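The residues of the chain are indexed from 1 along the displayed sequence. These numbers come from a predicted model, not from an experiment.
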Amino acid sequence: MAILSPSILTADFSDLSDTLAMFEDSAAVGLLHLDVMDGNFVPNISFGPPVIRSLSAKTSLPFDIHLMVSEPDRFVEDYVTDHTKYIVVHQEANLHLDRTLQHIRSLGVGCGVALNPATAPESLRYVLEKADQVLVMSVNPGFGGQRFLPSALSKIRWLLEERARGGYGYKIAVDGGVNEENIVQICRAGADIIVMGSAILNRPDPRAALAGFAGLIAENGEGGAAQ
Ligand code: DX5
Ligand code: ZN
C-alpha cells in the first residue's frame, strides 16, 4: 500500500506542533518529507540541519529528507539523525551520483535520487540497483503549490517496469502538485510514496483534507501490484 510523506514546506514553521500531531494521527502517513533548499540548486531557501535536528525531538515520524542543494555529497552527514530514513539527492546536482548514493548508505540510512521534470529516468539505469528510493519530481523544484506535470506518470510506470525487470528494491516516490485531481492516477501508476504539501496544509480544514487523501490511497494505493 502506498504511503503519504507530507511536506511541511507550506506550514507555519514557528508553530508546527499541531501539524505534526495531525500527521502522526493518520495511518496513511508513513514519513515526514523535509524540503531542504540552498538558494543555488533551486531559487529558494528553506531550512537545514539545525531545524531538522530540532524536529527529531518533536515527532516520531521517520524523515524523508529531500536535498535540493548543489554538491550534496559535501553535506549528507549533517542530515543523519535518529529519525532519518532516507536522504534524497538530485541526479542533476551530482557529478558523482554513484559515489554519493554509496556514501549515504554507508551512513546507515536509505539513499534516494530525485529527478527533475526534464530528466529522463533512463539516466539512472546504472544506479538503480543502489537506490532505496527514486523520487519523481512532478513540478520544477523550489516551491510548494505548483501545478502537477503529467509526464511524471510515465516515469513512475517506467520505474515500476524496470524494478520488476531488474529485481530492484527501490521505492517509487512522487513530489509536487499532488491533489484530488491526480492522486488516483498516481496511485494506479505505481507510486509507493506520495509527497503532499499544499493540498493538505493550505486547505481550510487540513485534517479533513488528509482524511480524504488517506481514503483515496486506501482504495487505489496498491499501485503496480493492482495493474
Ligand atoms: C518542491 C518540493 C515539494 C513541495 C510539495 O520543491 O520538493 O516537496 O513542497 O508541495 P506541494 O504538494 O504543494 O506541491
Ligand atoms: Zn520535496
Side-chain angles (χ1 to χ4, degrees), residues 2-10 31 33-46 64-73 86-98 100-101 104 111-128 130-163 168 170-202 213 217 223-224:
I3 59 167
L4 275 174
S5 182
S7 164
I8 58 167
L9 190 61
T10 57
L31 294 164
H33 186 83
L34 298 170
D35 287 306
V36 178
M37 303 180 178
D38 68 350
N40 185 38
F41 181 69
V42 289
N44 197 4
I45 296 175
S46 57
D64 177 33
I65 302 179
H66 180 191
L67 294 184
M68 286 163 274
V69 306
S70 302
E71 298 185 59
D73 203 66
Y86 297 107
I87 296 177
V88 182
V89 298
H90 267 262
Q91 188 266 16
E92 306 83 5
N94 260 280
L95 207 47
H96 303 293
L97 180 60
D98 182 277
T100 303
L101 296 178
I104 295 169
C111 62
V113 54
L115 293 172
N116 278 341
T119 306
E122 288 85 350
S123 65
L124 300 181
R125 186 177 296 278
Y126 298 105
V127 293
L128 285 176
K130 296 178 181 170
D132 298 303
Q133 181 191 135
V134 179
L135 175 63
V136 176
M137 290 303 300
S138 39
V139 298
N140 286 289
F143 304 94
Q146 301 182 78
R147 209 173 161 70
F148 180 83
L149 297 169
S151 56
L153 295 170
S154 60
K155 293 189 192 180
I156 296 169
R157 291 188 198 104
W158 185 88
L159 287 163
L160 190 72
E161 284 172 20
E162 197 60 18
R163 183 171 67 189
Y168 303 133
Y170 55 80
K171 301 287 187 195
I172 304 170
V174 61
D175 182 8
V178 180
N179 59 29
E180 39 287 270
E181 286 170 22
N182 49 44
I183 194 167
V184 171
Q185 280 178 295
I186 289 166
C187 286
R188 291 184 179 165
D192 306 298
I193 298 172
I194 300 175
V195 179
M196 296 189 75
S198 54
I200 300 170
L201 295 179
N202 296 16
F213 291 121
I217 289 175

Out of curiosity, [X] [atom1] to [Y] [atom2], how far, rounded to the nearest 0.5 Å?
X    : Y    : atom1 : atom2 : answer
R147 : N182 : CZ    : CG    : 9.0 Å
L4   : F213 : CG    : CZ    : 8.5 Å
C111 : I104 : SG    : CD1   : 6.0 Å
N179 : I200 : CG    : CD1   : 11.0 Å
T100 : D73  : OG1   : CG    : 3.5 Å
I156 : I194 : CD1   : CD1   : 8.0 Å

Just wondering, are more than 12 heavy atoms of other shown residues or ligands nearer than 6.0 Å to CD in E180? yes
Evaluate the side-chain proximity of [Y] to [X]: yes if any heavy-atom separation is below 4.5 Å, no if none is.
X    : Y    : answer
F148 : V174 : yes
P141 : D175 : no
M137 : H66  : yes
N40  : V69  : no
L97  : Y126 : no
V127 : Q91  : no
Y86  : L31  : yes
I3   : K171 : no

For a quick test of reading the model, state the closest non-hydrogen atom pair linking [X] to [Y] and the distance between them.
X    : Y    : answer
D64  : S5   : OD2-OG, 2.8 Å
L115 : A120 : CD2-O, 4.2 Å
L160 : G190 : CD1-O, 4.1 Å
A152 : V136 : CB-CG1, 3.7 Å
H90  : L67  : CD2-O, 3.7 Å
T10  : G144 : CG2-CA, 4.2 Å

[X] (side chain) donor-acceptor with [Y] (main chain) under 3.5 angstrom:
X    : Y    : answer
N116 : A118 : no
K155 : S138 : no
Q185 : L153 : no
Q146 : N140 : yes

Quick one: do R163 and D192 make a salt bridge, cutoff under 4.0 Å? yes
Qualifying residue for side-chain contact (heavy atoms from CB on, under 4.5 Å) with Y170, from D132, L124, L128: L128
Using the rule given for side-chain contact (heavy atoms from CB on, under 4.5 Å), can you reason through I172 versus V134, listing the C-alpha separation, both sets of side-chain angles and the distance that settles it, and then say yes or no? CA-CA 5 Å; I172 304 170; V134 179; 5.6 Å; no
Have S46 and D35 got a donor and an acceptor in their side chains that come within less than 3.5 Å? no
